[in-house]
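Notes for the one structure printed next.
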Amino acid sequence: MENYDLNTITLGVISWATIFLLTRKFLQNYSFEFCNRLVSSIHAIVAVTLACLSVEDWRCPACPLASNPSPSQMRALGVSVSYLIYDLICCLFDKQFNLDNTIHHLVSIVGLGAGLLYHKSGSELVTALWITEMSSPFLHLRELLKDLGYRDTPLNLAADISFAVIFTCARMIGGPYLTYMTLRADNPLIVKVMAVGLQLVSGFWFYKIARMMKYKLAKATPKKPKKFN
């Protein structure tokens, strides 16, 4: 990993932490998690934008396979690694420790960091970043709406459905295809292992999201009154 990459990550961690502290200062009436989710929403939008800008060929976003990352891909990876490090540290100060989220962060940091370290798999990793982050704004929106007083409203349900649909299409359709492409290409072993690990984590979250949506839709569907003879 070059000094430029380390500087990008270091500056990124400081920048995300600064944005969080400023958010906490100006939104003192809102919770720690609310402010952190605002920062996470900003990252998701920035990550998807940088990933899109770094794609070399939209006919095959993950191509060329096992290639050296371009400067724009290195920047996209560095920004997201810095955010993941910030968010992992930030979660340690939250009252609710989430093991699932911690594992997801560690897998992502190691996977993206491997691309920066080995200077390889740029296209695959940026595509993975795009796939994993495109549903994140809706994930955070559904939680932010609850804190703003819109729990169990049609607006919150719309955010839930949007998140579930985008997550399913991205991670359970695009994800397995990208994992297959990553495994068959000449990528470092650690990148292949992390690709499988991330897909397994996505499958676990898909199971939880499917259960959540089943409950949400059943709750939102009006029950028919019983007929008495």
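We count residues from 1, following the sequence as given.
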Given side chains that start at C-beta, do those of [X] and [Y] come closer than 4.5 Å, heavy atoms only?
X: V126; Y: L77; result: yes
X: V55; Y: P61; result: yes
X: K120; Y: D186; result: yes
X: K214; Y: R211; result: no
X: L84; Y: W16; result: no
X: M213; Y: V165; result: no
X: L125; Y: Q73; result: no
X: L198; Y: S108; result: yes

Enter the distance from [X]:[atom1] to [Y]:[atom2] here, rounded to the nearest 0.5 Å.
X: L112; Y: L117; atom1: CG; atom2: CG; answer: 12.5 Å
X: I9; Y: N7; atom1: CD1; atom2: CG; answer: 9.5 Å
X: L178; Y: I131; atom1: CG; atom2: CD1; answer: 4.5 Å
X: R75; Y: L50; atom1: CZ; atom2: CG; answer: 6.5 Å
X: L38; Y: L27; atom1: CG; atom2: CG; answer: 6.5 Å
X: D87; Y: N36; atom1: CG; atom2: CG; answer: 5.0 Å

Can I209 and F163 be said to form a side-chain contact (heavy atoms from CB on, under 4.5 Å), step by step?
-> CA-CA 9 Å; I209 292 168; F163 165 64; 3.5 Å; yes
[X] side chain to [Y] main-chain N or O, any donor-acceptor pair under 3.5 Å?
X: Q28; Y: K25; result: yes
X: E124; Y: A66; result: yes
X: S123; Y: P64; result: yes
X: R171; Y: T132; result: yes
X: K192; Y: L183; result: yes

Examine [X] and [Y] and state if one hydrophobic cluster contains both, with Ile, Leu, Val, Met, Phe, Trp and Tyr joined whenever side-chain heavy atoms are less than 4.5 Å apart.
X: I42; Y: L139; answer: no
X: F138; Y: L217; answer: yes
X: V46; Y: V48; answer: no
X: Y83; Y: L53; answer: no
X: L88; Y: V201; answer: no

Name the orientation class of the two ring planes belonging to F34 and Y30 (parallel below 30°, tilted from 30 to 60°, perpendicular beyond 60°).
-> parallel
Fit a plane to each ring of Y86 and F20, take the angle between them on a 0 to 90° scale, and name the class: parallel (under 30°), tilted (30 to 60°) or perpendicular (over 60°).
-> tilted
Atom OH of Y150 with >12 non-hydrogen neighbours under 6.0 angstrom = no
Give the intermediate values and the outcome of side-chain contact (heavy atoms from CB on, under 4.5 Å) for residues L65 and R184.
-> CA-CA 9 Å; L65 296 172; R184 67 187 291 265; 4.1 Å; yes
For [X] and [Y], work out which heavy atoms get closest and say how close.
X: W130; Y: C52; answer: NE1-SG, 3.5 Å
X: I45; Y: P137; answer: CG1-CG, 4.5 Å
X: S31; Y: R24; answer: C-NH1, 3.3 Å
X: T182; Y: A195; answer: CG2-CB, 4.0 Å
X: L129; Y: A76; answer: CD2-O, 3.8 Å
X: G113; Y: V81; answer: N-CG2, 4.1 Å

Pair N187-S121, side-chain donor/acceptor within less than 3.5 Å = yes
Given side-chain contact (heavy atoms from CB on, under 4.5 Å), test Y118 with I190 step by step and report yes or no.
-> CA-CA 10 Å; Y118 292 105; I190 189 170; 3.7 Å; yes
Determine the sole option in D152, D147, D160 for which the salt bridge (Lys or Arg N to Asp or Glu O under 4.0 Å) test with R142 is passed.
-> D160
Can L144 and S41 be said to form a side-chain contact (heavy atoms from CB on, under 4.5 Å), step by step?
-> CA-CA 10 Å; L144 293 173; S41 300; 4.1 Å; yes
